[in-house]
Every structure is written in C-alpha cells, then in structure tokens.
Amino acid sequence: IWKEQDYCRTLSRWNESIDLMELARNQGWQAAATSLTPTSPSKSPFWYDTYSFPFSNEDWFFDHTELVKQQIKLEALRNIAIGGIAVYLYINQHGNPPTDLGTLVVEFLAELPLDPFDRKPLRYRVDGDEWVLYSVGENIDDDGGEVEIGAPGKTVKSIFDWADIV
C-alpha cells in the first residue's frame, strides 16, 4: 500500500509542477513566482517515510521553482533565437537591421516573440548597425540588454547569470 501512496503523492507533486508551468506560460514568471507557497508536501520528519515514500518524500526531486525557472529560461532562448533569425533575414533582404520588431511581423514572423518572464514582446534595441534582442530575465527589470554583472568579480557560469538574457 505504501507503494501506491508514493505513486499518488508523486503524481500529485508532478501535477503541481505542471500547473505552475502553465501559470508561468500564460501569465509570466512573476505570477508563477508569487503563487509559490509551501503547500507542497514537505519531507516527513519520520525516518521510516524515507523508505516508505522514496520519490515523493524528496524535496530536491520536486523543486517547483527551479523546474519552472529552467523551462522559462529555455523558452526565452527559443524566442530570442526565432526573433534573431527573423532579424538576420531582414538584414539580408534590406541591408540594415529593422528599426523595431514590429516591422518583422507578417514578412518574417507570424507574431512578435514574447518574453516568457513578463509576457510582453522581447526587447529590441538598435544602435546603427548593432542590434540587441533580449529578455528581461528572472529579475523582471529591463536592464537594456546589458550583460554586465551587478557584483564586481562575480564569476559568470552561464548566460543566465547576466541581468538580462541576451
């Protein structure tokens, strides 16, 4: 019977993760982050539950926050890639980058790629021949597409350590 209870608890926690991902996909990271509450079953203080419920009793296995963050970050990268390809196609046809992303719609894009963190269109900045397409990132602040790290001397391990996802 413990095996079936563990399956049910595991499925319930996966369902929470799926619901959280759907909320983030539909309303953005901020809505998902504010809805995170400690309502998930936490690790039982009883030693025998570790053996009775090996999967559903492990908090690391069901870290909803990290799971949703990773999904949103990957969606941001996907949307940046789609928008970036459209910008490059525009440059190949017209010789210079578009002044705004709206000019890409219809000819190169069906719709503006959204920033999954705030559900607004991705940010785009042009300076002469240079252009930047970016997401506001986890902090939801538009840092202008800058990749500078706030703390001096901080080691950058991935692009997700930047203020914005560029």
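The figures that follow rest on heavy atoms only: side chains count, while hydrogens, waters and symmetry mates do not.
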Handout entry: Whether Asp115 side chain and Arg123 backbone form a donor-acceptor pair below 3.5 Å
Key = no

Please set out all donor-acceptor pairs under 3.5 angstrom arising from side-chain atoms of residues 99-112, sequence neighbours excluded.
unit_1, atom_1, unit_2, atom_2, d
Asp100, OD1, Gly102, N, 2.8
Asp100, OD1, Thr103, N, 3.4
Thr103, OG1, Asp100, O, 2.8

Handout entry: Partner residues of Glu75 under the side chain to side chain contact (heavy atoms under 4.5 Å, CB included) criterion, sequence neighbours left out
Key = Arg25, Gln71, Arg78, Asn79, Pro116, Arg119

Practice task
Could you pull out the closest heavy-atom pair between Ser135 and Phe117, with the gap in Å?
Solution key: OG-CD1, 3.3 Å

Handout entry: Close side-chain approach of Pro113 to Ile80, heavy-atom, < 4.5 Å
Key = no

Handout entry: Approximate separation, where rounding is to 0.5 Å, of Arg125 CZ and Leu133 CG
Key = 11.0 Å

Exercise for the section: Determine whether Trp131 and Pro98 make a side-chain contact, defined as any pair of heavy atoms from C-beta on separated by less than 4.5 Å. Expected result: no

With a cut-off of 3.5 Å and sequence neighbours excluded, list every side-chain donor-acceptor pair involving residues 82-96.
none

Handout entry: Greater than 12 external heavy atoms within 6.0 Å of Asn26's CG
Key = yes

